[in-house]
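Quick caveat: nothing in here was measured; it's all calculated off a predicted structure.
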Amino acid sequence: MSSEHTDGADVPPLTEGIAPGTADDPEIGGDEAAVVTVDGIEVSLDAGDTLIDAVEAVETDDYVPALCNYDRQEIGPRSECRTCMVETDEHGVVPACSFPAEDGMTISTDASAAAEARDVNLDLVLSDHNLRCTTCGKNGRCELQDAAIEQEVEEPRYGVLDDRDEYEPIDDSSSFIQIDRNKCILCNRCVEACNDVQVEGVLRMEGSGQDTRIGFQNDAETMEDSTCVSCGHCVTVCPTGSLVEKGIEDATTIPLPGFTQKNSVGKTYENSGETKGPMTAKKRPENRDTTEDAQPDGGEPVAATDGETPGGRTASDDETNPGGVWSDDGGEWP
């Protein structure tokens with residue numbers, strides 16, 4: 001995608017400073033390759049690998065979810081959810097996603113202390129999550145749902161969000177992305193994708209403790225008022241249905257008469273209806289020389305007349321079938 005934008009009044013700036021808490025992942029991993037043992041199986045690791053790389057390389061005795069771990073595009077690890085706890089002979093129970101692999105380490109995924117830690121932490125994540133999966137657009141494609149099924153969770157020990165009636169409004173104000181913070185597990189993937197990979201500086205984690213939430217760098221209340229350029233990268237890395245692409249937010253829901261995610265939450269920030277045009281600059285045909293255009297047969301150039309491009313095509317022809325090189329050199333929004 002392009003990060004260049006026109007000078008139009010409706011185009012937001014992309015120059016906000018990136019708030020602390022992003023783009024500052026600590027260095028993880030050691031400088032040397034290592035061989036570790038996971039549930040009795042030796043695994044060779046490259047320099048810089050962590051214990052989760054070893055765990056994912058073998059069929060472990062117990063399931064290790066690692067919900068906030070993304071392991072691609074240099075996003076994380078942030079070690080936020082702690083659902084990947086394993087026991088080591090050398091250091092006790094540690095988070096596998098962020099603990100550096102050391103040569104000779106022995107890892108147990110089925111140790112009782114590690115299994116209990118994973119269960120407790122998964123229940124804590126579930127307790128802060130909107131568990132109405134059947135009306136969620138990520139139903140069947142949700143990493144948290146997968147983990148709960150694998151761990152055979154029937155009822156989270158710390159209750160569920162619905163018990164506390166603390167729903168945040170759904171942010172449906174953007175034409176491209178819907179945010180439902182009631183499904184956010186605070187993994188930070190979206191913030192890192194926005195700030196560290198796309199370098200757009202739109203999202204941030206704000207607040208602290210139980211008030212921590214996804215926010216915007218420009219202090220906007222809604223996605224529509226943020227500086228989002230609609231690249232959609234945050235959506236692709238979200239492990240749950242907290243960030244979804246508009247148009248498919250109900251793609252995998254199971255129809256229940258009169259019941260949707262929106263009316264179950266109670267309040268929604270809707271789009272204002274103000275036309276802003278695409279937030280990401282649309283590719284446009286480069287300006288051509290309107291005075292002459294070489295002929296395919298090598299003949300004399302043909303001068304263009306007002307309102308007509310060389311070769312007899314009109315401006316509207318170029319808009320619908322440009323057939324040329326595109327650029328994003330600015331101009332009016334369509």
Does Glu42, at its CD atom, have more than 12 non-hydrogen atoms belonging to other residues, nucleotides or ligands within less than 6.0 Å?
no

Under 3.5 Å donor-acceptor, Lys246 side chain and Ser174 backbone
yes

Treating Asp61 as the side-chain partner and Asp110 as the backbone partner, does any N or O pair qualify as donor plus acceptor under 3.5 Å?
no

Checking the side chain of Arg204 only, and the main-chain atoms of Gly215 only, is there a donor and an acceptor separated by less than 3.5 Å?
no

Within 6.0 Å of CD in Glu270, more than 12 heavy atoms from elsewhere:
yes

Do Ile185 and Val64 sit in the same hydrophobic cluster, where Ile, Leu, Val, Met, Phe, Trp and Tyr count as joined when their side-chain heavy atoms come under 4.5 Å apart?
no

Would you say Asp103's side chain and Val35's backbone share a donor-acceptor pair under 3.5 angstrom?
yes

Given the options Gln151, Glu152, Met85, Asp119 meets side-chain contact (heavy atoms from CB on, under 4.5 Å) only with Gln151

Under a 4.5 Å cut-off applied to non-hydrogen side-chain atoms, are Gln145 and Lys138 in contact?
no

Using a 4.5 Å cut-off on heavy atoms from C-beta on, say whether the side chain of Phe216 contacts that of Glu206.
no

Pairwise distance CZ(Arg82) to SG(Cys97) - rounded to 0.5 angstrom
7.5 Å

Thr240/Cys184 under side chain to side chain contact (heavy atoms under 4.5 Å, CB included): CA gap, chis, key distance, verdict
CA-CA 7 Å; Thr240 68; Cys184 178; 5.8 Å; no

Do Asp39 and Ser108 touch side chain to side chain, with heavy atoms closer than 4.5 Å?
yes

Side chains of His233 and Glu200 only: does a donor on one sit below 3.5 Å from an acceptor on the other?
no

Nearest 0.5 Å, what's the CD1-SG distance between Ile149 and Cys133?
8.0 Å

Heavy-atom side-chain proximity of Thr106 to Glu90 below 4.5 angstrom:
yes

Asn121 CG to Leu126 CG distance, which is reported to the nearest 0.5 Å:
11.0 Å

Would you check if Ser173 and Asp225 make a side-chain contact, meaning some heavy-atom pair closer than 4.5 Å?
no

Any donor-acceptor N/O pair, Thr60 side chain to Val55 backbone, under 3.5 Å
no

Apply salt bridge (charged side-chain N to carboxylate O under 4.0 Å, His left out) to residues Arg157 and Glu116 and explain how you reach the verdict.
CA-CA 12 Å; Arg157 72 192 75 183; Glu116 177 67 10; 3.3 Å; yes

Residue pair Val202 / Cys194: nearest heavy atoms and the distance that separates them
N-SG, 3.2 Å

Just so I know, are the side chains of Ile75 and Asp196 near enough to count as touching, which here means a heavy-atom distance under 4.5 Å?
no

When rounded to the nearest 0.5 Å, the distance separating SG of Cys234 from CE of Met223 is 5.0 Å

Which atom names give the shortest non-hydrogen contact between Met205 and Thr212, and what distance separates them?
CE-CG2, 4.1 Å

Go through the steps to decide whether Tyr269 and Glu221 satisfy the test side chain to side chain contact (heavy atoms under 4.5 Å, CB included), and finish with yes or no.
CA-CA 9 Å; Tyr269 293 128; Glu221 181 64 24; 3.5 Å; yes

Closest approach of Ala147 and Leu67, non-hydrogen atoms and distance?
CB-CD2, 4.1 Å

Checking Thr37 side chain against Ile41 main chain: does a donor-acceptor pair fall under 3.5 Å?
no

Work out which heavy atom in Val38 is nearest to a heavy atom in Ala54; give both atom names and the distance.
CG2-CB, 3.7 Å

Are Val58 and Leu51 connected in a single hydrophobic cluster, I mean Ile/Leu/Val/Met/Phe/Trp/Tyr linked by side-chain heavy atoms less than 4.5 Å apart?
yes

Nearest heavy atoms of Thr134 and Asn139, plus distance in Å:
CA-ND2, 4.1 Å

Asn182 side chain vs Asn130 backbone, donor-acceptor pair below 3.5 Å
no

Applying the 4.5 Å side-chain criterion to the ILVMFWY set and letting contacts propagate, would Leu144 and Val153 be lumped into a single cluster?
yes

Cluster overlap Tyr63 with Leu122, hydrophobic side-chain contacts below 4.5 Å:
no

Atom CG of Leu131 and atom NZ of Lys183: how far apart are they, to the nearest 0.5 Å?
11.0 Å

Group every Ile, Leu, Val, Met, Phe, Trp and Tyr by side-chain heavy-atom contacts under 4.5 Å, then state whether Ile52 and Val237 land in the same group.
no

Kindly say whether Leu203 contributes a backbone atom to a donor-acceptor pair with the side chain of Asn195 at under 3.5 angstrom?
yes

Nearest heavy-atom contact between Gln198 and Cys231 is CG-SG, 3.7 Å

Determine whether Asp62 and Arg118 satisfy the following criterion, side chain to side chain contact (heavy atoms under 4.5 Å, CB included), listing intermediate values before the conclusion.
CA-CA 10 Å; Asp62 267 14; Arg118 289 197 300 271; 3.2 Å; yes

Under a 4.5 Å cut-off applied to non-hydrogen side-chain atoms, are Ile177 and Cys228 in contact?
yes

Are the side chain of Arg213 and the backbone N or O of Leu186 linked by a donor-acceptor pair below 3.5 Å?
no

Within the distance-only criterion (no hydrogens, no angle test), does the side chain of Arg181 pair as donor or acceptor with the backbone N or O of Ile214 below 3.5 angstrom?
yes

So how far is it from Asp180 CG to His129 NE2, rounded to the nearest 0.5 Å?
8.5 Å

Is Pro239 close to Cys187 at the side-chain level, that is, under 4.5 Å between some pair of heavy atoms?
yes

